[in-house]
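Read through the structure below, which is laid out as C-alpha cells, and then see the notes.
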Number of protein chains: 2
Amino acid sequence: METVHEKNAKVFKAFCDPKRLAVLEQLRSGEKCACVLLDKLDIGQSGLSYHMKILCESGIVDSRQQGKWTHYRLSETGRAYALALLQQITAPDTAQLSCCGCKE
Amino acid sequence: METVHEKNAKVFKAFCDPKRLAVLEQLRSGEKCACVLLDKLDIGQSGLSYHMKILCESGIVDSRQQGKWTHYRLSETGRAYALALLQQITAPDTAQLSCCGCKE
DNA sequence: ACCTCACATCAACTTATTTTGATGTGATTA
DNA sequence: TAATCACATCAAAATAAGTTGATGTGAGGT
C-alpha cells in the first residue's frame, strides 16, 4: 500500500535532481529528441534514459516515438497537476486552525 | 560552486519525503511545536529534528524559539518562492521556441 | 549549582538514488 | 537479412539520504 504522502512525494522527485532540471530547461523551448538533450548534458546515454523515465512517470514530460527517435516535451497537464499539488500541500488551512497544543 | 539547478533541486527536496509531507500537513492548521509534531509521526526525536532542519533550510518552514520549545510554521514567503520557481522551470518559453534539432 | 526537559548533533547503519558500462530490442538502412 | 542506429534495460558500483541510539547544549526549574 502506498500512502498519499508517498504518492505526492514522487511527483516532486522529478524536480529534485539537477540533471532533470537541466532537461526540463531544455524542454521549455520546445520538443526535443533524446539525442539532442544528450549532447548538452554531461551524462551518458543510459543515464539520460534513466532520468527521462522518471520525468515521464511523474507526468511532467510526455514522450512520442517517431521511427527510431523518441521526442520529449513538457506536459501542460503534468505541470498543472504539480502546481496544484504544491499549492494544496502548502496552503494554510484556516478552516481548521488550532492552537499549538504545547504544554506551556 | 553550486549550479542554479543544484540550488533549485534543494527547494523541492523539501517535498520529496513522505515524513516531511506529513509535517507540512500538520502545519497547515497552524503553528506547532516539535513535541506535538512528534507524537503524530512514527519517527524518533532525532529523526524529526533532521527533517525539520531540511524544511527550514529550504525556506518552506519558519521556526521560533520560545523558552525550551521550538515552534514551527509554514512560511508564506517560502511557499510563494517554491510556487514561483515551479512555475518558472516548467513554463514553456515560446519566446525561444526552436525545432527539435534531430537529424531526421 | 544541579537537575531535567526539549531539541540538536553525531556516528554507525540501513536503504534509496544515481552513475556506469555491457547487453538487449525494435526500427531503419544497405 | 545483415548491419546500424536510437534508445531501453540490467547489474554492479558509487553516492546520497534517512534512521537509530548515544551524547551534547542551552533554557528553566528546584
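Quick caveat: nothing in here was measured; it's all calculated off a predicted structure.
- Aromatic ring orientation, F12(B) versus F12(A): parallel (interplanar angle below 30°, classes split at 30° and 60°).
- In this structure a side-chain-to-backbone donor-acceptor pair under 3.5 Å is present from R20(B) to K13(B).
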Expected string for nucleotides 20-30 of chain D under the B/S/- scheme (protein heavy atoms, under 4.0 Å, primed atoms plus P, OP1, OP2 as sugar-phosphate) is BBB----SS--
Using side chain to side chain contact (heavy atoms under 4.5 Å, CB included), reason through N8(A) and V4(A) one step at a time and then give a plain yes or no. CA-CA 6 Å; N8(A) 290 344; V4(A) 62; 3.7 Å; yes
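- Going from atom NZ of K13(A) over to atom C1' of dG18(D) covers 12 Å, rounded to whole Å.
- The salt bridge (Lys or Arg N to Asp or Glu O under 4.0 Å) search around K10(B) returns E2(B), not counting sequence neighbours.
- Contact annotation: H51(B) reaches the phosphate of dT19(D) (side-chain N/O to OP1 or OP2, under 4.0 Å).
- Taking the side chain of K53(A) as heavy atoms from C-beta on, and the options dC7(C), dT18(C), dT9(D), the nearest nucleotide is dT9(D).
- Contacts of C16(A) classified as disulfide (SG to SG under 2.5 Å), with partners at least two apart in sequence or in another chain: C16(B).
- Residue W69(A) has its side chain nearest to dA6(D) when only dA6(D), dC7(C), dT19(D) are considered.
- Looking at H71(A) and K32(A), their side chains never come closer than 4.5 Å, going by heavy atoms from C-beta outward.
- I54(A) comes within contact range of the sugar-phosphate backbone alone, with a heavy-atom separation under 4.0 Å but no base atom that close.
- Look at CG on L38(A): it is 13 Å from P on dT19(C), rounded to the nearest Å.
- Between dC7(C), dA8(D), dT19(D), one nucleotide has an atom nearer to the side chain of S49(A) than all others, and that is dA8(D).
- Atom CG in D17(B) sits roughly 12 Å away from atom C1' in dT15(C) (whole-Å rounding).
- Between L55(A) atom CG and dA8(D) atom C1' the separation is 16 Å, expressed in whole Å.
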